[in-house]
Amino acid sequence: MADKEQAEELKTNAEKKNSGVWRVLDWILTALIIVDGLAIILMGVLIYTQLQSSGLHVRDILSRHNEAETVAEETDLPGVESEDASVSTEGDAPEGDADVIDMTEEAETDDGLTRVTITAAGDCTLGNAQVQSYDSSFDWYYDNKGADYFLANARSYFEDDDLTLINLEGTLTDSTARVEKQYNMKGRPEYTSIMTGSSVEFCSLGNNHTYDYGEEGLSDTKAALVSAGIRYAYNSDSCVYETGEGIKIGIVSVSLVSMGVDRENTLFDEVAKMTADPGIKLIIACTHWGEERVYTANSYQVGIAHRLIDAGVDLIIGNHSHVLQNLEVYKGKVIVYSLGNFCFGGNKNPSDKNTAIYRQTFAFNDGVLTDDIDARIVPFILSSHDSYNDFCPREANDSEKAAIIQKLKTDGASYSDMTIDDDGRISG
């Protein structure tokens, strides 16, 4: 009996001893956790103090981390490089394969420069010629496809810039009082929605179809554009377009098809007004000139272009030939002699469907334009079908792109030392 009581006493003492050991261990563990917590808090305070003294903030670090993750995710997308974004289409528009090269929009960058990106497209007849039937016409496509159909494959380019300009080759009017001529181009005033829905901010009206429906047609066209918030220029009615950060762009548009001295005087008078205005930092001349279906600029075009640049113009965008003409770099300025047809309702099946959009980013240092050329020609085909015009331009595929760029190189070889690389980037 004594042995049993002694055994129970030993057991009880052991349990008390073990309990005390575990209690001590628990105290030690708790102390360690508290010490670690204090160390982490102290380290955080020291890091935050250091960041504050260096001018950084936690939100800056998180923002940079998120940007890095975004780039990494985009880079991993199949078929998309980190600086590209694929075009999206809406409704029934044919799918395009446009890869948008990031031409940096107007912004202050790390180098202190402010950049403005301009996109230009060629002849856009948003409507029909009077000789066309309704079937498979531009009007038919609008009624069946809607406004967003036509420029779907170029929209991502037009949205990724500071200003998109086109040559509006025709009128937007309900007038029936047409001027007697072979082709009269007319669309409905509501067709401004085609432009506003695809980020077209400016129309050049200086061409040989602006007056197809007389003064009434011209007045209706201007009113439709103003109502839609789209800027335009026409002869002495030039435009000053101000970007979001206050860069003022002067734009003049004159038709020189007649090669008349009065038109030339109007053009150069408007340029002189712009160069005399210190608030205007960039001048663009939109010229309608040359010969139809001819792929190179004639001596008249070259002479006027050089005079314009000598007078202070920074970029020339030409049209009228209905085909792509050569480019030239003169005194560090780019001359685009003709961009050809683009969204062209005036012809249901043009024999030459090659076209292009032109993009250039201008850099300003304290409001002064720098000399660098950051420009690219982007080959397009004016229809998504080879055998007819569906009025929905698409970006050229690889073989078409190579052929268009090679022709531009060949046609422009004798005009200047300008070069165009395989991706359409221009230098000179």
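We count residues from 1, following the sequence as given.
Ion pairing between a basic and an acidic side chain is recognised when a charged N comes within 4.0 Å of a carboxylate O; Asp411 and Lys407 show such pairing. Using a 4.0 Å cut-off between a side-chain N of Lys or Arg and a carboxylate O of Asp or Glu, Asp422 and Lys409 qualify as a salt bridge. Using a cutoff of 4.0 Å between basic side-chain nitrogens and carboxylate oxygens, Asp111 and Arg115 are scored as salt-bridged. Salt-bridge annotation for Arg188 and Asp143: present, with a side-chain N of the basic residue lying under 4.0 Å from a carboxylate O of the acidic one.
Taking the six-membered ring for Trp and thresholds of 30 and 60 degrees, Tyr415 and Tyr337 have ring planes inclined between 30 and 60 degrees apart.
Without hydrogens or angle criteria, Thr370 side chain to Ala363 main chain gives a donor-acceptor distance under 3.5 Å. Side-chain N or O atoms of Lys353 include one that pairs as donor or acceptor with a backbone N or O of Asp386 at under 3.5 Å. Between the Ser416 side chain and the Tyr330 main chain, no donor and acceptor come within less than 3.5 Å of each other. At least one donor-acceptor pair closer than 3.5 Å links the side chain of Gln132 to the backbone N or O of Gly346.
Tyr213 carries Lys186 over the face of its six-membered ring, with the cationic atom under 6.0 Å from the centre and within 45° of the normal. Judged by a 6.0 Å distance limit and a 45° cone about the ring axis, Arg359 is not positioned over the six-membered ring of Tyr157.
Between the CD1 atom in Ile426 and the CD atom in Glu328 there is a gap of 12.0 Å [rounded to 0.5 Å]. Atoms CD1 and CH2, from Ile316 and Trp289 in turn, are 5.0 Å apart once rounded to the nearest 0.5 Å. Note that CD1 of Ile247 and NZ of Lys281 are 7.5 Å apart. Values are rounded to the nearest 0.5 Å. The distance from the SG atom of Cys343 to the CD1 atom of Ile166 is 8.0 Å, given to the nearest 0.5 Å.
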Original post:
How far apart are the C-alpha atoms of Asn389 and Phe138, what are their side-chain angles, what is the distance that settles it, and do they pass the side-chain contact (heavy atoms from CB on, under 4.5 Å) test?
Top reply: CA-CA 9 Å; Asn389 189 0; Phe138 190 96; over 6 Å; no
**OP:** Please step through side-chain hydrogen bond (donor to acceptor under 3.5 Å, both in side chains) for the pair Thr221 and Thr171, ending with a clear verdict.
**Re:** CA-CA 6 Å; Thr221 302; Thr171 59; 4.8 Å; no
**OP:** Under the side-chain contact (heavy atoms from CB on, under 4.5 Å) rule, what do Asn347 and His322 come out as? Steps first, then yes or no, please.
**Re:** CA-CA 11 Å; Asn347 190 332; His322 297 293; over 6 Å; no
Original post:
Checking side-chain contact (heavy atoms from CB on, under 4.5 Å) for the pair Leu165/Tyr241: CA distance, chi angles, key distance, verdict?
Top reply: CA-CA 11 Å; Leu165 60 89; Tyr241 183 92; over 6 Å; no
**OP:** Could you please spell out the steps behind the salt bridge (charged side-chain N to carboxylate O under 4.0 Å, His left out) verdict for Asp352 and Arg293?
**Re:** CA-CA 9 Å; Asp352 187 339; Arg293 290 174 290 280; over 6 Å; no
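Residues satisfying the ring pair (Phe, Tyr, Trp, His ring centres under 6.0 Å) test with Tyr300, not counting sequence neighbours, are none. Partners of His320 according to the ring pair (Phe, Tyr, Trp, His ring centres under 6.0 Å) rule, which considers only residues two or more places apart in sequence or in another chain, are His288. For Tyr141, the ring pair (Phe, Tyr, Trp, His ring centres under 6.0 Å) criterion is met by Tyr149, Phe391, not counting sequence neighbours. Considering only residues two or more places apart in sequence or on other chains, Asp277 meets the salt bridge (charged side-chain N to carboxylate O under 4.0 Å, His left out) condition with none of them. Taking the ring pair (Phe, Tyr, Trp, His ring centres under 6.0 Å) definition, one finds that Tyr142 meets it with Tyr191, sequence neighbours left out.
Checking Thr125, Asn319, Asn207 one by one against Asn167, the side-chain hydrogen bond (donor to acceptor under 3.5 Å, both in side chains) holds for a single residue, Asn207. Of the options Leu315, Leu163, Ile280, Ile283, a side chain to side chain contact (heavy atoms under 4.5 Å, CB included) to Ile251 is made by Leu163 and by none of the others.
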Which pairs would a plain distance check flag for residues 224-239, meaning a side-chain donor or acceptor within less than 3.5 Å of a matching protein atom at least two apart in sequence or in another chain?
from, atom 1, to, atom 2, distance (Å)
Arg231, NH1, Val240, O, 3.4
Arg231, NH2, Val240, O, 3.2
Tyr232, OH, Asp237, OD2, 3.3
Ser238, OG, Glu270, OE1, 2.7

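Taking 4.5 Å as the limit, every side-chain heavy atom of Ile317 sits out of range of all side-chain heavy atoms of Ser204. Taking 4.5 Å as the limit, some side-chain heavy atom of Met185 sits within range of a side-chain heavy atom of Phe344. With a 4.5 Å cut-off on side-chain heavy atoms, Leu256 and Val254 count as touching. For the pair Asn208 and Glu169, the minimum side-chain heavy-atom distance is below 4.5 Å. Residues Ile304 and Met259 fail the side-chain proximity criterion, which asks for heavy atoms closer than 4.5 Å. For the pair Pro379/Asn354, no side-chain contact is recorded, criterion being any heavy-atom separation below 4.5 Å from C-beta on. Taking the side chain as every heavy atom from C-beta outward, Asp372 and Thr361 never approach each other to under 4.5 Å. Side-chain contact check for Val329 versus Ile373: some heavy-atom pair is nearer than 4.5 Å.
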